[in-house]
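What follows is a short report on a single structure.
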Protein chains: 2
Amino acid sequence: MATPALQETIEEVKEIFRSYLKTNGHRQTPERFMVLEEIYKADGHFDADDMFFKMKDTGYRVSRATVYNTLDLLVECGLVQRHQFRQNQSYYERAYSYRQHDHVICDDCGAIIEFCDPRIFEIQSMIQKIHDFDISGHSLHFYGKCNDPQTCTRKSDLKRKSTKEQE
Amino acid sequence: MATPALQETIEEVKEIFRSYLKTNGHRQTPERFMVLEEIYKADGHFDADDMFFKMKDTGYRVSRATVYNTLDLLVECGLVQRHQFRQNQSYYERAYSYRQHDHVICDDCGAIIEFCDPRIFEIQSMIQKIHDFDISGHSLHFYGKCNDPQTCTRKSDLKRKSTKEQE
DNA sequence: CTGGCTGCAAAGGTTTTGCAAAACA
DNA sequence: TGTTTTGCAAAACCTTTGCAGCCAG
């Protein structure tokens, strides 16, 4: 698993975001920086609703609309990556100062393992040549069963998170 | 691009589906076989709504619920593959007697190119060994810009298909 | 100031569900 | 005949949008 970002990393990404916003004529609102900070303070994968509730917990409440808006901006400027692990829901993770990687997903418990293999890039450059295609990114997932008895008993991880509203 | 399946292929997949339904205690309804036939008569990628309207066109009308139900069964028995090319929508394609392949997707016009590279399977078996994970499948997409002036001018391909209801 | 941004709630698009009627086994 | 499955419509789910008010520049 990834380790949480250091304070200096947080300052770096804020600077990058600041610069991105300025260059593209977007405003630097406190909400946007709070979301960015929250993403880089923690670690791992999250969805928009996770972020909505995380923000709620900080006491600095933002609306879902702002969460979505900010995540879009962060994806656009490359500080956050968007993934489609399962159907019909986007997952996100921080992307700065964190190695490029892909994911192995357990169909039973939803556990996510990260890996990196340089052969992907070999394939990418081959495709690029053969098909005259400018490739800007990729997504590679392997699906299956993790044989981890500890993790894979908590199948509840895959359930709907409707309990989140309860707080 | 793929070529439409032959009549004999259609008979084969029907037989496979029949057997799957029987084995798993599902009923063999005409709706299910009509959907399967429609999938194998044509070629390429489609979403649930495409299939709903295709069925409508055949005169043998089925409900959306049945389309979704049948697609789930077909994915489960391996005759159809489900993809997440873009956010919030599943795409499908037939999977029998059709080579294993992955996809390159144009962000501008939505064009999809298929490719196959054996290195994916090398990566897969490596992951399998390292992480003690039983991998049952994968999904690999490359995203970028196709440099095809003919295709890439029809950007309308990516628009919402709200016009479909008009017929 | 003033146009972009926010929060809220309502709408949007895709998928799932509930229920009575139909139909497979 | 007894359950699945169907069709229909309503609900659920995630995401986007509309709008009045707010605030960064």
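What's counted below: heavy atoms across the whole structure, side chains too, no hydrogens, waters or symmetry copies. Here is how names work: the chains are called A, B, and so on, in the same order as the sequence lines, proteins then strands, and each is numbered from 1.
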Would you mind reading off the distance between [X] atom [atom1] and [N] atom [atom2], rounded to a whole angstrom?
X     : N      : atom1 : atom2 : result
B:M51 : C:dT15 : CE    : C1'   : 16 Å
A:L21 : C:dG3  : CG    : C1'   : 16 Å
B:Y68 : D:dC13 : OH    : C1'   : 12 Å
B:D72 : D:dT6  : CG    : C1'   : 15 Å
A:N88 : D:dT16 : CG    : C1'   : 15 Å
B:Q89 : D:dC14 : CD    : C1'   : 13 Å
B:D49 : C:dT15 : CG    : P     : 8 Å
B:F52 : C:dT15 : CZ    : C1'   : 14 Å

Given that B:N69 and B:Q87 both sit by DNA chain D, which one's nearest nucleotide is further toward the 5' end? B:N69
Per nearest nucleotide of DNA chain D, the residue lying toward the 5' end, B:A65 or B:R32, is B:R32
State the [atom1]-[atom2] distance between [X] and [Y], to the nearest 0.5 angstrom.
X      : Y      : atom1 : atom2 : result
A:Q124 : A:I135 : CD    : CD1   : 5.0 Å
B:H138 : B:D102 : NE2   : CG    : 3.5 Å
B:E12  : B:L79  : CD    : CG    : 11.0 Å
B:F142 : B:H103 : CZ    : NE2   : 13.0 Å
B:I105 : B:I113 : CD1   : CD1   : 10.0 Å

Determine, for nucleotides 19-25 of chain D in 5'-to-3' order, which nucleotides have protein heavy atoms under 4.0 Å from the base (write B), from only the sugar-phosphate (write S), or from neither (write -). ----BBS
So, does B:S90 get its side chain near the phosphate of C:dT14, meaning an N or O under 4.0 Å from OP1 or OP2? no
Is it true that the side chains of B:Y98 and B:Q81 contain a donor and an acceptor less than 3.5 Å apart? no
Judged by each residue's nearest nucleotide on DNA chain C, which is more toward the 5′ side, A:R61 or B:A48? A:R61
Using the side chain to side chain donor-acceptor pair (under 3.5 Å) rule, pick out the option among A:E93, A:H45, A:H141 that qualifies with A:H83. A:E93
